[in-house]
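Before any comments, here is the structure.
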Amino acid sequence: MSPESQRCSGCDKFFTAHGYSSHLLQTRDPLCKAVYEELQRAHAIYERLIGGEAGDHVGDLEMENEVVPFEGDVFGSAGDYDDDLFGQGSEREDLGEEQGGPEEEEGPSELDSEEEIAQDDLETAWEPIREGAPVEIPAEGPGEGGEGGAEDPADEGRLEDDEIANRRSAEQVIIGDGHGIKPARVVGYNDKYPSSAAGCVLARGGLQDGKYRATVGAKANPWAPFRSKLDWEVAQWAKLRGAGSTAFSDLLAIDGVCEALKLSFKNSDQLNKIIDNRLPGRPQFKRHEVLIGGEVFEYYSRDPLECLEALWGDPDFKKVQSATRRKNITIVPIIISSDKTQLTEFRGKTAYPVYFTIGNLPKHIRRKPSRQGQILLGYLPTSKLEHITNQASRRRCMSNLFHHCMQHIVKPLERAGREGIVLASGDGALRRCYPILASYVGDYPEQILVGLVKNGRCPICPAPPNALQDLSSVLEPRDMESILRALNAIDKGAAEFAKACADAGIKPVQCVFWKNLPFVDIYSSITPDILHQLYQGLLKHLISWIRAVCGDAEIDARCRRLPPNHCIRLFFNGISHLSRVTGTEHDQISRFLLALVADIRLPNGHSNAQLVRSVRAVLDFINLARYPIHSTETLNQMDNALQAFHANRGIFVSLGVRSHFNIPKLHTIGHYRQLIVHYGTADNFNTEYTERLHIDLAKDAYSATNFKDEFPQMTTWLDRKERVMQHGKYVRRQLGDSSNTPLHVQKPVTSLIPQRCLQMAKHPTHRAVPLSEIQTKYGATLFVPALSRFVAQYQNPTFSKAQVETASHSVHVPFAKIAVFHRLKFVCYDVYGLNPLDEVVVDSIHVDPAHLNNIAETPAGNVDIQGSCIGQVRCIFTLPQIAIDRWFSGRFSHRHLAYVEWFTPFSKAPIDRNSMLFKVSRLKLRGERRASIIPVSLIRSSIHLFPKFGPQVPTSWTSSNVLETASSFYVNAFSDRFIYSTVY
């Protein structure tokens, strides 16, 4: 069988690539026809996903082939509107019941009622008395507002012309064609680009799946060594999702269970023997001992070259090679990360895992535990060496213990990095590869431990510890040659060694693990850490400073009164009571942090302008640093944000919160631009991914032990879990009966904003709601006049506004009830997941009267934000067939319509000069809110508004009523990346 042959899962025959295509086109076998149809459907979906082309969606929901342009309303004629999709993809709607749908009829549930009751209780709960807090917002007068009267009110709200020009030019780079900027492809070796030597194939070997099949003894049985599909799925459930081994054995011991299921095992022990003896696994753990201070400590590790072979040979992975100057050379960048983690809450049990991956894998795979793109390399000793009484000696011994163990673990990489090794990929291609340590991922304690740097100093550059607050202190990385000379001075004696290390600015450590690794500059390999440096570092400090300046009572009061949104978590108890705040919680707080200080009053009459600007600068830097792709413009914006923070940080000194800013984490972010240029975007190396691995590879493993002599049990449990996961991927590839697998999906080029599709439920939430309830319960008070104007404009697209208004009076509404929907969703695909065609909800708009996160952004022109408008969606509905027949002669393109109340268009909205946020208010005509009926397909996304609180937030406001009671709002730019990169 040729390595390039392809197996038809319908008839189980093998063909060449050309023969396989001909077979599928000409076959009469119904199973083969089903395979062909499945491939066609998958191809159609991803053509639309990658190219933005609208197409019919397979399965349960149908998407319109194209968005039909809105025909206009009282605000303008049809020519004022555009049918551009704005990067949203096509609207996914159902046009007939016969197609079915994964989403059933939405209706009020008991859970929703409980959540509403809990929210009401939290909104009305007791809160601290804030002296001087108004019941209602007072009218603003001269000198009032967010800047304490320190600046001329005439200057508020508008940017200078050059500022506007600079911001608009940056927007064009980010927005692009609606999907954001895209990277240049890195081209590996192939016939079309013969000058690129990277990844050149030396020879062809056998397919990895063929070797795996021979090992498990599979012939016609793809689930071997298990008897059947059910036998395998029970085993898989038991090891990945099931209860403990004892509970599983008790389940199988029930009379008739094993016989009814026809299982090949009768208890956990028999299942473990099948897994251990019949399933291929990843490299085995080995136990080692190290003697220090008269005591022996154990640690467990794997051979890194065997780990490399396992990753490189995984058929699920398609590697990306980097270009080199020599032929037949493939560089394999090694990425190692380490971090101590707590295994228990109270007993103080810890583990010290070390993780291993390669830079040839796309970052989207490396950060998904289910894809097994990272391997547990070992468990290091966690002892605090309390038997060594001298603290200085203890600290020195702990550093030596870490480096000694790591040196033993990575020893095989020294020779392989110099001479190279031949690796076989999943398709059998053999390449000469050179594994080189490229980056070390860790938090600040890990970085200074690896870099031999003293606490309080930068782990990258030799900046003085008392000058870290200055941007000019961001220097080039430490000189590796001088560091190596100091480390080699150990041969001259202890005193000379200590002096040489002190002169070089490092700690005297004997066995430095990276010392003999080829081509390694460890100080250039320290990577950005979004989790600990930004969220748990800079943002954590900023929040504590804001609380100290503004007071917890006022900050918490504002948190309780933020309106809801899909992307915003509401802290009804405030944020001051939170303890041990996680990185996820800091991310959630950052989305509305600017709302808490936008116009707050500072003590002693200080202007809050610098405070607002510093908060805006920090949030800009964090959001830009998290971009999955960068351009020169975005890096310049990131630098500008950092400079803006340093220019305005003095407010915290003036208010007595800080006396200096010599904080290593704050200094380290000054290196971000250089590190991103050298190693790629910061999300390549975020410790958030390794923190997630702690759950699967440390905490879950520990919970599966008897808590005595746990590490041998943990390594055995992990080995079995990896075998089962690896066999699961093999079974998926062998069956090949679904297009929803990684190998069947063509991955799109990474973009700033993934493709999003608008989706509606198949069935309405309520099928017949009286128009009186639409006007009262749903708040669509002008529903009938708005619908009449929509019909008149649709029937007469050339009419002027006055003519439309006149014609609307003659429109008769031939129905008394309509079907309504309570939710609108935006979904995208997780194309690097195990099930890449599964939809992920990334945004939604609730229009249930009990849920008020119904603020949406709608386009009123082209893709430029100046042509868009904000509206509050009061009702989503469908027209009865009787109305369609009467008004449109049965030809009406829009399945779903929305009643929207308008806010100030972006083109007319002022911009606050400090927060750089748009300020909007409701549009009114003769005292009534202006409203329209629009097609749902024109809605781009939800958008979060927060009110202009004033110096103190009124006590009568709540999260539920603030959109109705406040008169002026800011447009939140930080609710999610889509809004940040398109609106701002």
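The first residue in the sequence is number 1, and the count goes up from there. Since we're looking at a predicted model, the values are computed, not measured. In what follows, every heavy atom counts, from backbone to side chain, and hydrogens, waters and symmetry copies are set aside.
Between Tyr523 and the choices Asp479, Val450, Ile483, the side chain to side chain contact (heavy atoms under 4.5 Å, CB included) rule is met once, by Ile483. A side chain to side chain contact (heavy atoms under 4.5 Å, CB included) with Asp443 is found for exactly one of Gln533, His532, Gln536, namely His532.
Residue pairs meeting the salt bridge (charged side-chain N to carboxylate O under 4.0 Å, His left out) criterion with at least one partner in residues 527-555, sequence neighbours excluded, are Arg130-Glu554, Arg547-Asp552, Glu554-Arg558. The stretch residues 573-595 participates, sequence neighbours left out, in these salt bridge (charged side-chain N to carboxylate O under 4.0 Å, His left out) pairs: Arg569-Glu585, Asp587-Arg591. Within the structure, salt bridge (charged side-chain N to carboxylate O under 4.0 Å, His left out) contacts touching residues 654-682 (residues at least two apart or in different chains) are Asp639-Arg673. Note on residues 541-560: pairs passing ring-ring contact (aromatic ring centres under 6.0 Å, His included), not counting sequence neighbours, are His541-Trp545, Trp545-Phe652, Trp545-Phe661.
Remark: Lys699 engages Thr341 in a side chain to side chain donor-acceptor pair (under 3.5 Å) (not counting sequence neighbours). The side-chain contact (heavy atoms from CB on, under 4.5 Å) search around Thr350 returns Gln342, Thr382, not counting sequence neighbours. Partners of Leu471 under the side-chain contact (heavy atoms from CB on, under 4.5 Å) rule, at least two apart in sequence or in another chain, are Leu642, Gln643, His646. With sequence neighbours excluded, the residues forming a side chain to side chain donor-acceptor pair (under 3.5 Å) with Asp620 are Arg616, Tyr980, listed by chain and number. Residues meeting the side-chain contact (heavy atoms from CB on, under 4.5 Å) test with Ser393, sequence neighbours left out: Ile388, Asn390, Arg396, Cys397. The side chain to side chain donor-acceptor pair (under 3.5 Å) test applied to Arg457 returns no partner, not counting sequence neighbours. Every residue meeting the side-chain contact (heavy atoms from CB on, under 4.5 Å) condition with Cys550, not counting sequence neighbours, appears here in chain and number order: Ile546, Ile555, Ile600, Leu602, Leu611.
Once rounded to the nearest 0.5 Å, the distance linking CZ of Arg367 with CD of Gln374 reads 11.5 Å. Considering CG of Leu635 and OG1 of Thr681, their distance stands at 10.5 Å, rounded to 0.5 Å. Between atom CD1 of residue Ile589 and atom CD1 of residue Ile568 there is a gap of 11.5 Å, rounded to the nearest 0.5 Å. The structure places NE2 of His671 at 11.0 Å from CD1 of Ile526, a figure rounded to the nearest 0.5 Å. Taking CD of Glu688 as the reference point, atom CG of Leu693 lies at 11.0 Å (rounded to 0.5 Å). For the atom pair NE2 (His667) and CG (Leu468), the distance works out to 5.5 Å, reported to the nearest 0.5 Å.
Between Pro564 and Leu570, the closest side-chain pair of non-hydrogen atoms falls below 4.5 Å. With a 4.5 Å cut-off on side-chain heavy atoms, Lys340 and His694 do not count as touching. For the pair Arg626 and Ile530, the minimum side-chain heavy-atom distance is below 4.5 Å. Inter-residue side-chain proximity for His566 and Asp976 is flagged as unmet; no heavy-atom pair is nearer than 4.5 Å. Cys458 is not listed as a side-chain neighbour of Val453, based on a closest heavy-atom distance of 4.5 Å or more. Put simply, the side chain of Tyr679 reaches to within 4.5 Å of the side chain of Phe685, judged on heavy atoms. The closest side-chain heavy-atom distance from Leu675 to Thr527 is not below 4.5 Å. At a threshold of 4.5 Å between non-hydrogen side-chain atoms, the residues Cys461 and Val474 do not count as touching.
Contact between Lys454 and Tyr444 at its shortest, heavy atoms only, is O-OH, 4.1 Å. When all heavy atoms of Tyr970 and Lys948 are compared, the pair lying nearest together is OH-CE, 3.7 Å. In terms of heavy atoms, Leu562 sits closest to Ala595 at CD2-CB, 4.0 Å. Among all heavy-atom pairs drawn from Ala625 and Leu534, the shortest one is CB-CD1, 3.9 Å. When all heavy atoms are compared, the tightest approach of Leu539 to Ile622 is CB-CD1, 4.1 Å. Across Asp339 and Glu691, no two heavy atoms sit closer than the pair OD2-OE2, 2.9 Å.
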Derivation and outcome, side chain to side chain contact (heavy atoms under 4.5 Å, CB included), residues Phe946 and Val962: CA-CA 8 Å; Phe946 61 85; Val962 69; over 6 Å; no

Side chain to side chain contact (heavy atoms under 4.5 Å, CB included) between Tyr535 and Ser590, worked out: CA-CA 9 Å; Tyr535 286 118; Ser590 72; 4.1 Å; yes

Derivation and outcome, side chain to side chain contact (heavy atoms under 4.5 Å, CB included), residues Asn623 and Arg977: CA-CA 8 Å; Asn623 279 269; Arg977 182 178 296 153; 5.9 Å; no

Side chain to side chain contact (heavy atoms under 4.5 Å, CB included) evaluation trace for Leu437 with Ser525: CA-CA 8 Å; Leu437 178 62; Ser525 301; 5.6 Å; no

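Judged by distance alone, with hydrogens and angles left aside, the side-chain atoms of Thr634 form no donor-acceptor pair with the main-chain N or O of His630 at under 3.5 Å. The backbone N or O of Phe949 lies less than 3.5 Å from a partner atom in the side chain of Asp599, making a donor-acceptor pair. When atom types are taken as modelled, the side chain of Asn604 and the backbone of His606 share no donor-acceptor pair closer than 3.5 angstrom. With hydrogens and angles disregarded, a donor-acceptor distance shorter than 3.5 Å links the side chain of Asp556 to the backbone of Ile575. A distance-only check finds a donor-acceptor pair linking the side chain of Asn686 to the backbone of Leu531 [under 3.5 Å].
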Throw together a table of side-chain donor-acceptor distances under 3.5 angstrom for residues 497-510, partners on residues two or more places apart or in other chains.
| residue | atom | partner | partner atom | Å |
| --- | --- | --- | --- | --- |
| Lys499 | NZ | Asp503 | OD2 | 3.2 |

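Ring geometry for Phe402 versus Phe513: interplanar angle over 60°, hence perpendicular rather than tilted (30 to 60°).
Ring centroids of Tyr672 and Phe621 are separated by less than 6.0 Å, placing the two rings close together.
In this model, a donor atom of one side chain and an acceptor atom of the other lie less than 3.5 Å apart for His944 and Asn972.
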